[in-house]
Amino acid sequence: MSRTPRTPCGALRIAQAGQSVDVYGWVHRRRDLGGLIFIDVRDRSGIVQVKFDPVHAQAHATGGELRLETVIHVHGPVVQRPAGTENKELPTGAIEIDAQAVDILNRAQPPPFAVNEDGVVDEQLRLRYRYLDLRRQRMARNLQLRHRIAKAIRDFLDDEGFVEIETPVLIRSTPEGARDYLVPSRLNPGHVYALAQSPQLYKQLLMVAGMDRYFQIVRCYRDEDQRADRQPEFTQLDLEMSFVAEDDVLDVVERCFAHVWKQVLGVVVPTPIRRLTHVDALLRYGVDKPDLRYGLEIQELSSIFAGTEFKIFRQALGAGGVVRGLRIPRTVGGKEIDALTEAARADGAKGLAFWHREAQGWRSPITKFFTERELAGLEQATHAQPGDVVVAVADRPEVAAAALGSVRKAAARSLGLIDEGALEFVWVTEFPLFERSKETGEVTAAHHPFTSPRPEDIALLASEPLRVRARAYDLVLNGTELGSGSIRIHDPEMQQRVFSGLGMTRDDAERRFGFLLNAFRYGAPPHGGFAYGLDRVVMLAAGEQTIREVIAFPKNQQAEEVMTDAPAPADPKQLRELGLELVRPTLKQGR
RNA sequence: GGCCCCGUGGUGUAGCGGUCUAACAUGCCUCCCUGUCACGGAGGAGAUCGGCGGUUCGAAUCCGCUCGGGGUCGCCA
C-alpha cells in the first residue's frame, strides 16, 4: 500500500476533494448497509467518514470485518459527498474517503465502556482503563485545552521577559505547611528528602541570583486528603519578579490571565481586575474569596442597634460583637429561612434574625422588640423594598462575617441569583501577616513566613502581631481561590523579626533557614511573585467539576493510581538498601 | 477521623417487600439490507441485584455490619 504522509482525520475539507490520502486511526462507528459500509475513523484531530464500496472488493471485505476501536490505515481519494448526504454536524461532513485499500493495524477487544460517546461511566473503571477514557472526545479535548493554556502562559511570559527555570523536586523537608512526601536517601542512611510542595525558596534565591523574572510550570506534592480540586501531585504556574511592588505583580498576572482567556477561549477578561482589601471582603461578603457574580452585600447594622432593648442584639453588642445583615430582594418562605438559619448555625451563629418587609411595614416575630427609630434605621441601611426579606446575625465579628457569608451563598443559590456564564475576577489584598492556629492557638504565617509586612504596620510586629497586614494578595474567580502571592522580605533583619514573630529563636532560624538569611546578606533585590493551581484554572476553563478531568493520569481519593496500582507494597530488598525497616508491616488487603 | 451520597447483565439506568426464574437502552454474536451518519430490521447470548448477617411465610427491595467509589468537614504555611 502507498506511503503518502499521514493526513489527520479532522483536517479534511472539500478543498482536498480529488486528492488521494492516507488516514490512520480508530474505528469510531460503523454503519454496514449490506452493500455500502460506512466507517467513521477517529484520531485526536477529529472524525472522517470512510466509504467502502463493493466496487473495491478487497477493501470492502476487510471493511466488513472492522469492529469498534480497531486500528486501521485507509488509502483512497477524498470525494465530495453526493448532494443531500452531507453531514452538517461534522467539520468533515462535506466529504468522505472512498476506500481503495485498508490495513488492519491492530484488532481491538470490545472496550469495557463506550469510547465513542461521552456518557457517564463509573470513574474507577475510567481510571483503570484511562488510555481508553482519554480516547473519548471530552477527555481528548480537555488535554488539548490544557496544552493550549500552558502554551499561552509560556508565550505570554516569554514575551514579558520571563525565563522558565527548573528547580529541585527533591528538597529539604520543612515542617510548616502541608504534610511532606518523604523520600529516603540511600547514600545518606536515615536522611530524607521531601518532594517540593512549591518552589518558594528556590525562586526567591533565583531573584538573589539576579534572574529578575522567573517562572515555572511545576509539579508540586502535598500529602493531604484529596478533594475534587486537590491531588497529591498537582501543577502550579509559579512566577517571581525583582524590583517590583504589588501593582507590578498584579498587573502581569492579570494580563496573563486575560491573554490566556482570549487566546484559548476567545473570552475577554476586563482589566484591571477590581481589588478588595481583606478587611472589606470579610465585611461585605463574609469570606476572603467572595463570589461577585451576585450582589447580596452584607451591611454593618451595629450602630442602628447600639441602644436596642432586644436582648440577643444587646448582649452581642455588649460583648464587643456586631450586628450585620443582608437584604434578600425576594420573598423567602419559612422553609428557606430555616435553610438559611441552618447555614448560619453551621458557622457558629446562634441564630438568624429576619424581617419581612411589607407594604405596611416590617413583619417578624421580633419586630415588637424594636423601636420605630431602629426599624427606620434598618430600612435606611438596607433599602429594603416591600417583598424583601432582611436577615441579620449578632455575634463576634468573625462569626457574624462567616455566618452571613454562608447565608449569602446559600440565598444566592436557592434563589438562582448566580449567573453561571459570568467571569468575576477579584483581587483580595492586604491579608493579615499572621493568624492564630485554631487547634494549637499558636501564631502562624497566614501566607508563608517569607511574606513582607506592610511598612506602616511594621511597628506592630512585636506588640500586636495579629494586626499586622501583609503585602499579600489572592486572585479569586467566581468565589474560587485561584492562587496567591506576596511581596517577599529581602532584608535579613526583617526576616529575623518575622521568624521571631512566629516563635522561632535566632538559632532556630539560622539552623533551618540560614541559607536564605545568608543569601539576603549578599545583596538581595526587592522581589515578589505569585502562584496558582494550573489544574484548577484548566478545570474552570473546561467547565469541569474536578481537576481529575483535566489530568491525564490522576489519583483517586485514596491517592492511588488504579491503572498501575500505585502505591505498591515496599520490596524488602529495596527497604534493606535504604536502611529502612517497617515497624508494623500491615499491608492493605488486595482488591 | 466525622458527616452525606452511590454500588442491579460489558456500559448506563428502571425496579424499592410477593406478579422479578429481574425490565429498558446501548454494547456483543448471527442473519438481512448499496447513501448511512446514535443507519435500519429480525433473532440470540449475557446480571441471583458489591459481600456477610438479620427481619419476614417471602428480600434486589427493610435493618445491621462490611467492602469499594465519590462529595464534604477537619487538614491543605
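Chain letters run A, B, ... following the sequence lines, proteins first, then strands; residues in each count from 1.
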Spacing of [X] atom [atom1] relative to [N] atom [atom2], expressed in whole Å:
{"X": "A:Arg126", "N": "B:C6", "atom1": "CZ", "atom2": "P", "result": "20 Å"}
{"X": "A:Gln197", "N": "B:A77", "atom1": "CD", "atom2": "C1'", "result": "8 Å"}
{"X": "A:Glu435", "N": "B:A77", "atom1": "CD", "atom2": "P", "result": "10 Å"}
{"X": "A:Arg230", "N": "B:A77", "atom1": "CZ", "atom2": "P", "result": "9 Å"}
{"X": "A:Leu125", "N": "B:G50", "atom1": "CG", "atom2": "C1'", "result": "15 Å"}
{"X": "A:Gln109", "N": "B:C29", "atom1": "CD", "atom2": "P", "result": "12 Å"}
{"X": "A:Gln124", "N": "B:G70", "atom1": "CD", "atom2": "P", "result": "6 Å"}
{"X": "A:Tyr181", "N": "B:C76", "atom1": "OH", "atom2": "C1'", "result": "12 Å"}

Would you check if there is a donor-acceptor pair between the side chains of [Y] and [X] at a distance under 3.5 Å?
{"X": "A:Gln216", "Y": "A:Thr167", "value": "yes"}
{"X": "A:Tyr532", "Y": "A:Asp238", "value": "no"}
{"X": "A:Gln200", "Y": "A:Gln204", "value": "yes"}

On a whole-Å scale, what distance lies between the [atom1] atoms belonging to [N] and [M]?
{"N": "B:G74", "M": "B:C28", "atom1": "P", "value": "47 Å"}
{"N": "B:G50", "M": "B:U11", "atom1": "P", "value": "13 Å"}
{"N": "B:A45", "M": "B:U56", "atom1": "C1'", "value": "36 Å"}
{"N": "B:G51", "M": "B:G46", "atom1": "C1'", "value": "22 Å"}
{"N": "B:U8", "M": "B:C49", "atom1": "C1'", "value": "4 Å"}
{"N": "B:C31", "M": "B:G71", "atom1": "C1'", "value": "48 Å"}
{"N": "B:U61", "M": "B:G17", "atom1": "C1'", "value": "6 Å"}
{"N": "B:A25", "M": "B:U19", "atom1": "C1'", "value": "24 Å"}

When you get a sec, tell me which of [options] is the closest nucleotide to the side chain of [X]?
{"X": "A:Thr546", "options": "B:C76, B:G10, B:G71", "value": "B:G71"}
{"X": "A:Val120", "options": "B:C76, B:U13, B:G74", "value": "B:U13"}
{"X": "A:Ala228", "options": "B:G69, B:U72, B:U13", "value": "B:U72"}
{"X": "A:Val121", "options": "B:C75, B:A77, B:G12", "value": "B:G12"}
{"X": "A:Ser198", "options": "B:G10, B:G74, B:A77", "value": "B:A77"}

Open item on the list: Quick check: any donor-acceptor pair below 3.5 Å linking the side-chain of A:Asp122 to the base of B:G12?
Closed with: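 Counting by modelled atom types and ignoring angles, no donor-acceptor contact under 3.5 Å is found here.
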
Task: Spatial distance of atom CZ (A:Arg471) from atom CD1 (A:Ile489) [nearest 0.5 Å] - done: 10.5 Å

Task: From CZ (A:Arg506) to CG (A:Leu517), nearest 0.5 Å - done: 8.5 Å

What is the nucleic acid contact for [X], judged by heavy atoms within less than 4.0 Å: base, sugar-phosphate only, or nothing?
{"X": "A:Arg548", "value": "sugar-phosphate"}
{"X": "A:Pro112", "value": "sugar-phosphate"}
{"X": "A:Glu123", "value": "sugar-phosphate"}
{"X": "A:Leu68", "value": "sugar-phosphate"}
{"X": "A:Ala445", "value": "sugar-phosphate"}
{"X": "A:Arg67", "value": "sugar-phosphate"}
{"X": "A:Ala346", "value": "nothing"}

Is any side-chain nitrogen or oxygen of [X] closer than 4.0 Å to OP1 or OP2 of [N]?
{"X": "A:Arg227", "N": "B:G70", "value": "no"}
{"X": "A:Arg128", "N": "B:U11", "value": "no"}
{"X": "A:Gln558", "N": "B:G70", "value": "yes"}

Does [N] have a Watson-Crick or wobble mate here (both distances under 3.5 Å), and if so which one?
{"N": "B:C65", "value": "B:G51"}
{"N": "B:A14", "value": "none"}
{"N": "B:A42", "value": "B:U30"}

Task: 5'-most by nearest nucleotide on RNA chain B - A:Asp229 or A:Gln200 - done: A:Asp229

Open item on the list: Does A:Arg13, at its CZ atom, have more than 12 non-hydrogen atoms belonging to other residues, nucleotides or ligands within less than 6.0 Å?
Closed with: yes

Is any side-chain N of the basic residue among [X] and [Y] closer than 4.0 Å to the acidic one's carboxylate O?
{"X": "A:Lys289", "Y": "A:Glu481", "value": "no"}
{"X": "A:Arg222", "Y": "A:Asp180", "value": "no"}
{"X": "A:Arg436", "Y": "A:Glu442", "value": "no"}

Open item on the list: For nucleotides 34-42 of chain B, give me one character per nucleotide, 5' to 3': B if any protein heavy atom sits under 4.0 Å from the base, S if the only such contacts are to the sugar-phosphate, - if neither.
Closed with: BBBBSB---

TODO: May I ask you to decide if A:Pro8's main-chain N or O and A:Asp43's side chain share a donor-acceptor pair within less than 3.5 Å?
DONE: no

